[in-house]
Amino acid sequence: MPPLVDHHCHGLLREVPTDVGPFARWLSESDAPPAPGTSYFDSALGLAVRRWCPPALGLPAYAPPEAYLDARRALGAAEAERLLLRAAGIGALLVDDGPLPGAPRTGAELAGAFGAPAFRVARLEPLAEAAADAAGRGTDAFLAGVAERIAGAAAGSVAFKSVAAYRHGLNLEPAAPSRAELWTAAERWLRTRPPGGRLADPVLLRHLLWSAVGTGLPLQLHTGFGDTDLRLHRADPALLTDFVRAVAPTGCPLVLLHCYPYHRQAAHLAAVHPHVYADLGLTLSHVGGRAPAVLAEALELAPFGKLLFSTDAYGLPELYLVGARQFRWALAEALRGPGWPRGDADRAAALLAAGNARRLYDLPERAQR
């Protein structure tokens with residue numbers, strides 16, 4: 001299998017906690033403490049970290065968390081990170097530039113840590129919020145600022161990303177808003193927005209989606225599970241069906257991220273719409289031993305040319321390694337099939353691992369080695 005192209009990930013923490021409790025908090029989507037008497041190592045993802053990460057630091061698989069973190073401290077943060085990231089076998093990264101706590105390392109810093117090229121994925125909602133901060137209460141200035149920021153981001157990015165699933169849900173009207181509808185919504189939001197308030201207005205979210213579509217760059221859409229901000233039933237990718245149909249004449253690629261537990265719905269959309277792609281992202285890390293079965297469920301309908309690899313890792317270098325190893329293991333198991341020819345299985349693996357992402361995002365030659 002070639003080096004992986006991680007088509008959706010995030011930055012690295014500048015300081016990784018090395019006590020069990022604070023470290024393990026990065027192994028959950030919840031912002032609440034774990035069950036009494038446990039840590040988030042007591043989870044499928046926790047077991048996956050213990051399976052794949054200790055050997056990268058010279059320990060046996062499934063070393064206890066305390067022993068693993070002791071070894072991490074002894075090596076030092078920089079060397080532990082280097083060993084973990086290089087063991088992941090990731091040859092290129094597409095990095096979501098959305099705002100994250102703790103000023104993590106992204107862009108060139110992330111590329112340096114991996115020794116691999118990193119490309120920008122521009123998140124839409126912060127672009128609009130920055131335009132609102134600059135425009136104050138001026139509606140025309142705000143809308144012009146949104147257009148300028150999206151055009152500027154398009155010039156330096158390989159894709160856009162939306163978290164409309166978090167802000168409102170995917171049950172949006174499919175068509176682009178009219179100018180009058182857009183102006184009214186913008187005026188209302190600017191008038192009522194608290195300082196630094198996040199964009200959740202459905203009309204403005206639709207405008208952002210269609211503005212991104214107009215650039216022709218792939219548009220990544222969060223779907224499926226996530227952290228506590230999310231209402232899961234509003235993140236079903238099937239809710240995007242009419243939007244998918246409306247976008248089809250433009251040819252703009254739509255990429256459904258994560259998708260679980262709606263990965264079969266996402267696979268169907270990818271199967272029947274030429275411009276729709278999907279991934280499983282952090283799903284394969286979180287479902288642990290079920291990763292081959294979940295990937296196989298996505299491949300029930302999704303053609304081999306429409307599913308991509310990503311880690312959706314953030315913060316811990318361990319999550320990049322776990323995402324990569326879980327994917328490789330799950331893919332090998334899922335492609336065994338009823339005696340499928342080795343050459344066909346290898347071709348499918350190469351497409352999912354890197355080929356689809358290279359083609360979809362038109363990555364330069366240096367990201368293909």
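Atoms considered below: every heavy atom in the structure, side chains included; atoms not considered: hydrogens, waters and symmetry mates.
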ask   = What class does the angle between the rings of His286 and Phe225 fall in, given that below 30° is parallel, 30 to 60° is tilted and above 60° is perpendicular?
value = perpendicular

ask   = For the side chain of Lys306 and the backbone of Val276, is there at least one donor-acceptor N/O pair under 3.5 Å apart?
value = yes

task = Check whether the side chains of Asp31 and Thr228 place a donor and an acceptor atom closer than 3.5 Å, and report yes or no.
result = yes

inquiry  = Do Leu59 and Leu27 sit in one hydrophobic cluster, given that two such residues count as connected whenever their side-chain heavy atoms are within less than 4.5 Å of each other, even indirectly?
reply    = yes

key: side-chain hydrogen bond (donor to acceptor under 3.5 Å, both in side chains) against Asp227, all qualifying residues, sequence neighbours excluded   = none

ask   = Between Glu297 and Arg290, is a salt bridge (charged side-chain N to carboxylate O under 4.0 Å, His left out) present by the stated rule, with each step listed?
value = CA-CA 11 Å; Glu297 288 168 356; Arg290 288 281 297 167; 3.6 Å; yes

ask   = Out of curiosity, Leu351 CG to Arg358 CZ, how far, rounded to the nearest 0.5 Å?
value = 9.0 Å

query = Taking only residues two or more places apart in sequence, or in another chain, which ones meet Glu187 in a side chain to side chain contact (heavy atoms under 4.5 Å, CB included)?
reply = Thr139, Trp183, Arg191

request  = Run the ring-centre check on Phe23 versus Phe41 and record whether the distance is less than 6.0 Å.
outcome  = yes

message = Could you measure the distance from the CG atom of Leu257 to the CG atom of Leu280? Nearest 0.5 Å is fine.
response = 10.5 Å

inquiry  = Can you tell whether the side chains of Asp96 and Arg123 come within less than 4.0 Å, N to carboxylate O?
reply    = yes

task = Return the set of residues passing ring pair (Phe, Tyr, Trp, His ring centres under 6.0 Å) with Tyr68 (not counting sequence neighbours), or none when no residue passes.
result = none

message = Could you check whether Glu318 pairs with Arg325 (Lys NZ or Arg NE/NH1/NH2 to Asp/Glu carboxylate O, under 4.0 Å)?
response = no

message = One thing to verify: whether Glu109 and Arg14 come together as a salt bridge, which I'm taking to mean a side-chain N less than 4.0 angstrom from a carboxylate O.
response = yes

query = Are side-chain heavy atoms of Leu170 and Asp236 found at a separation under 4.5 Å?
reply = no

query = Going by the ring-ring contact (aromatic ring centres under 6.0 Å, His included) test, which pairs reach into residues 189-224, not counting sequence neighbours?
reply = Phe142-Trp189, Tyr166-His222, Trp210-Phe243, His222-His258

task = Could you tell me whether Arg206 and Glu181 have a side-chain N and a carboxylate O separated by less than 4.0 Å?
result = yes

query = Which residues pass the side chain to side chain contact (heavy atoms under 4.5 Å, CB included) test with Arg328, sequence neighbours left out?
reply = Met1, Leu4

inquiry  = Donor-acceptor check, side chain of Ser43 to backbone of Tyr40, threshold 3.5 angstrom: yes or no?
reply    = yes

task = Kindly write out the residues that satisfy side-chain hydrogen bond (donor to acceptor under 3.5 Å, both in side chains) with Ser285, not counting sequence neighbours, or none if the list is empty.
result = none

query = Does Arg73 pair with Asp70 as a salt bridge, N-O distance under 4.0 Å?
reply = yes

request  = Applying side-chain contact (heavy atoms from CB on, under 4.5 Å) between Leu219 and each of Leu254, Val255, Leu208, report the one that passes.
outcome  = Leu254

task = Quick one: list whatever passes ring pair (Phe, Tyr, Trp, His ring centres under 6.0 Å) with His10, sequence neighbours left out.
result = His8

Phe304: partners by ring pair (Phe, Tyr, Trp, His ring centres under 6.0 Å), with sequence neighbours left out = none

message = The criterion is side-chain hydrogen bond (donor to acceptor under 3.5 Å, both in side chains); which residues satisfy it with Thr215, sequence neighbours excluded?
response = none

Partners passing ring pair (Phe, Tyr, Trp, His ring centres under 6.0 Å) against Tyr277 (at least two apart in sequence or in another chain) = none

query = Where is the tightest heavy-atom contact between Val158 and Pro218, given as atom of each residue plus distance?
reply = O-CD, 3.4 Å

Contacts under 3.5 angstrom, residues 83-93 side chains, donor-acceptor by atom type, not counting sequence neighbours:
residue	atom	partner	partner atom	Å
Arg86	NE	Ala113	O	3.4
Arg86	NE	Phe114	O	3.2
Arg86	NH2	Ala113	O	3.4

Please tabulate, for the side chains in residues 192-201, all donor-acceptor contacts under 3.5 angstrom to protein atoms that are two or more places apart in sequence or on a different chain.
residue	atom	partner	partner atom	Å
Thr192	OG1	Arg188	O	2.9
Arg193	NE	Gly197	O	2.8
Arg193	NH1	Asp133	OD1	2.8
Arg193	NH2	Asp133	OD1	3.1
Arg193	NH2	Gly197	O	3.0
Asp201	OD1	Val203	N	2.9
Asp201	OD1	Leu204	N	3.0
Asp201	OD2	Arg188	NH2	3.1

